[in-house]
Amino acid sequence: MSELEASAAALRRAAEDRTHRVRLDEQVAAALALADARSAELTQLQARLRVEESDVRRYEKMSPSRLWALVRGDAEDRLAREQAERDVARRAVLNAAQRLDSARGELARLVADRDALGDVESAYAFTLAAHERVVRGHGGPGVDELALIAREIGEASDALREIDEAIAALAVATDALRIAFEKLESAGGWSTYDTFFGGGFFADAMKHGRIDEASAAFQRVNRALERLTIELRDVGAGPVRGVEMSSSLAVFDVVFDNIVSDWMVRDRIARAREESLDLRVRLSELEKSLAERRLAVAERLASLASRREALLLASR
């Protein structure tokens with residue numbers, strides 16, 4: 001057997017294992033659903049059995065039910081009927097337990113068969129890559145296209161990684177802004193109370209405490225925005241509808257400096273609130289833009305991988 005034939009045979013086996021794994025996944029899912037249904041059935045029948053056993057105990061002991069049956073003169077008949085219903089319930093529970101054991105056994109068998117296949121996706125990817133090297137070494141139709149596809153896959157994979165890093169940085173910035181906005185709202189509430197309702201020492205202390213918390217929270221927003229700016233440069237993303245990170249940083253850096261009066265506090269808090277809401281909208285638009293870019297790159301990767309696989313399978 002030639003090297004190319006051996007490589008093709010290995011790829012064929014890997015593809016068969018992959019297909020088998022998909023089929024076993026479906027069977028495991030079905031077996032799991034059946035086991036869950038059997039378990040629910042057993043639980044229901046066990047509850048019914050407890051009711052029947054309770055009915056029997058009421059007629060076996062001196063209880064209001066037994067006294068009334070004695071008065072009617074059918075105590076023995078009632079007891080016999082309840083005992084028969086209990087026995088039926090016991091058999092039903094026993095049968096349900098056997099069905100559950102059978103379902104669980106089948107599930108365990110299927111899971112073991114699936115696990116025995118190992119990581120078929122990694123094995124298939126490894127075998128496909130090995131076959132690609134053999135095919136490219138032997139030359140022939142499609143080799144140039146395979147080389148081009150390999151380069152484009154590498155570029156797209158790198159772009160996807162950079163976009164994911166930008167999305168992660170955006171999530172951190174968005175969460176930091178959410179927390180800072182909550183702190184700002186609290187500071188605004190205490191500022192309004194202090195300005196219009198007399199405040200006093202306690203209100204003044206609470207207001208300044210909340211302002212300090214908001215200031216610290218916005219510093220964290222600034223650092224997150226700085227990190228996001230770096231990640232956006234890595235993906236070559238320009239400003240999205242005016243997402244100028246530097247302007248946002250400047251606003252938040254000075255918003256609480258040199259506070260000298262209650263009215264100035266309220267005014268600066270109001271300004272910060274408007275800037276925060278505006279930034280929240282722009283970050284939301286940026287999130288949508290990055291998600292669209294990621295989807296486009298992921299679709300491109302899938303298309304390249306599909307074409308590569310088709311070329312290699314055709315070379316078997």
Side-chain angles (χ1 to χ4, degrees), residues 121-122 125 149-191 209-257 259 265-308:
E121 290 300 327
S122 295
I149 288 174
R151 183 171 67 252
E152 291 183 358
I153 285 177
E155 293 171 353
S157 297
D158 184 64
L160 192 64
R161 177 180 58 80
E162 295 290 357
I163 292 173
D164 284 340
E165 290 176 357
I167 290 174
L170 175 60
V172 172
T174 300
D175 191 56
L177 180 61
R178 176 188 60 79
I179 294 172
F181 188 80
E182 291 173 355
K183 300 290 185 183
L184 187 66
E185 290 285 82
S186 179
W190 281 104
S191 176
R210 295 296 182 270
I211 288 173
D212 288 342
E213 291 178 357
S215 296
F218 276 113
Q219 288 301 316
R220 289 190 288 273
V221 173
N222 293 341
R223 304 294 81 77
L225 291 175
E226 290 169 353
R227 180 63 185 174
L228 175 58
T229 302
I230 294 172
E231 297 298 343
L232 288 176
R233 290 198 201 104
D234 289 344
V235 299
V240 179
R241 249 209 75 219
V243 178
E244 296 286 354
M245 297 305 171
S246 59
S247 65
S248 297
L249 296 179
V251 170
F252 292 133
D253 277 336
V254 302
V255 73
F256 294 124
D257 288 347
I259 294 175
V265 170
R266 291 190 67 254
D267 179 63
R268 292 194 175 183
I269 288 176
R271 282 166 44 203
R273 187 177 188 279
E274 291 304 314
E275 289 291 335
S276 298
L277 290 173
D278 181 62
L279 180 60
R280 179 189 292 175
V281 171
R282 288 181 286 150
L283 291 182
S284 178
E285 291 174 350
L286 178 58
E287 179 182 17
K288 180 181 178 182
S289 175
L290 288 174
E292 290 172 349
R293 289 185 59 164
R294 190 190 191 286
L295 178 61
V297 174
E299 288 177 344
R300 175 60 177 161
L301 263 175
S303 176
L304 288 168
S306 178
R307 177 56 182 162
R308 169 178 174 261

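Excluded from the calculations below are hydrogen atoms, water molecules and symmetry mates; all remaining heavy atoms, backbone and side chain alike, are included. For the single chain, residues carry numbers from 1 onward in sequence order. All figures in this text were calculated on a predicted structure; none of them were measured in a lab.
Interatomic distance, CZ of Phe218 versus CD of Glu275, reported as 10.0 Å (0.5 Å rounding). Distance check: Glu152 CD to Ser157 OG gives 11.5 Å after rounding to the nearest 0.5 Å. Between atom CZ of residue Arg308 and atom CG of residue Leu301 there is a gap of 11.5 Å, rounded to the nearest 0.5 Å. For the atom pair CG of Leu160 and CD of Glu165, the computed distance is 10.5 Å after rounding to the nearest 0.5 Å.
Counting heavy atoms from C-beta outward, Val281 and Leu277 have side chains that stay 4.5 Å or more apart. Two residues are said to be in side-chain contact when any heavy atoms from C-beta on lie closer than 4.5 Å; Leu170 and Leu232 fail this criterion. With a 4.5 Å cut-off on side-chain heavy atoms, Arg294 and Ile167 count as touching. Here the side chains of Val221 and Ile179 are not in contact, with every heavy-atom distance at 4.5 Å or above.
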*Would you sort out whether Val172 and Leu228 count as a side-chain contact (heavy atoms from CB on, under 4.5 Å), showing the intermediate values?*
CA-CA 9 Å; Val172 172; Leu228 175 58; over 6 Å; no

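Here the closest non-hydrogen pair linking Ala173 and Leu225 is CB-CD2, 4.2 Å. Summarising the geometry of Ala159 relative to Val297, their closest heavy-atom pair is CB-CG1, 4.4 Å, with the distance given to 0.1 Å. Shortest non-hydrogen contact noted between Ala166 and Glu231 is CA-CB, 3.8 Å. Nearest heavy-atom pair across Ile163 and Leu290 is CG2-O, 3.9 Å.
Here the side chain of Ser306 pairs no donor or acceptor atom with the backbone of Ala302 at under 3.5 angstrom. Side chain of Ser284 to main chain of Arg280: no donor-acceptor pair is present (N/O by atom type, distance under 3.5 Å, no hydrogens or angles).
Looking at Asp164 and Arg161, no side-chain N of the basic residue comes within less than 4.0 Å of a carboxylate O on the acidic one, giving no salt bridge.
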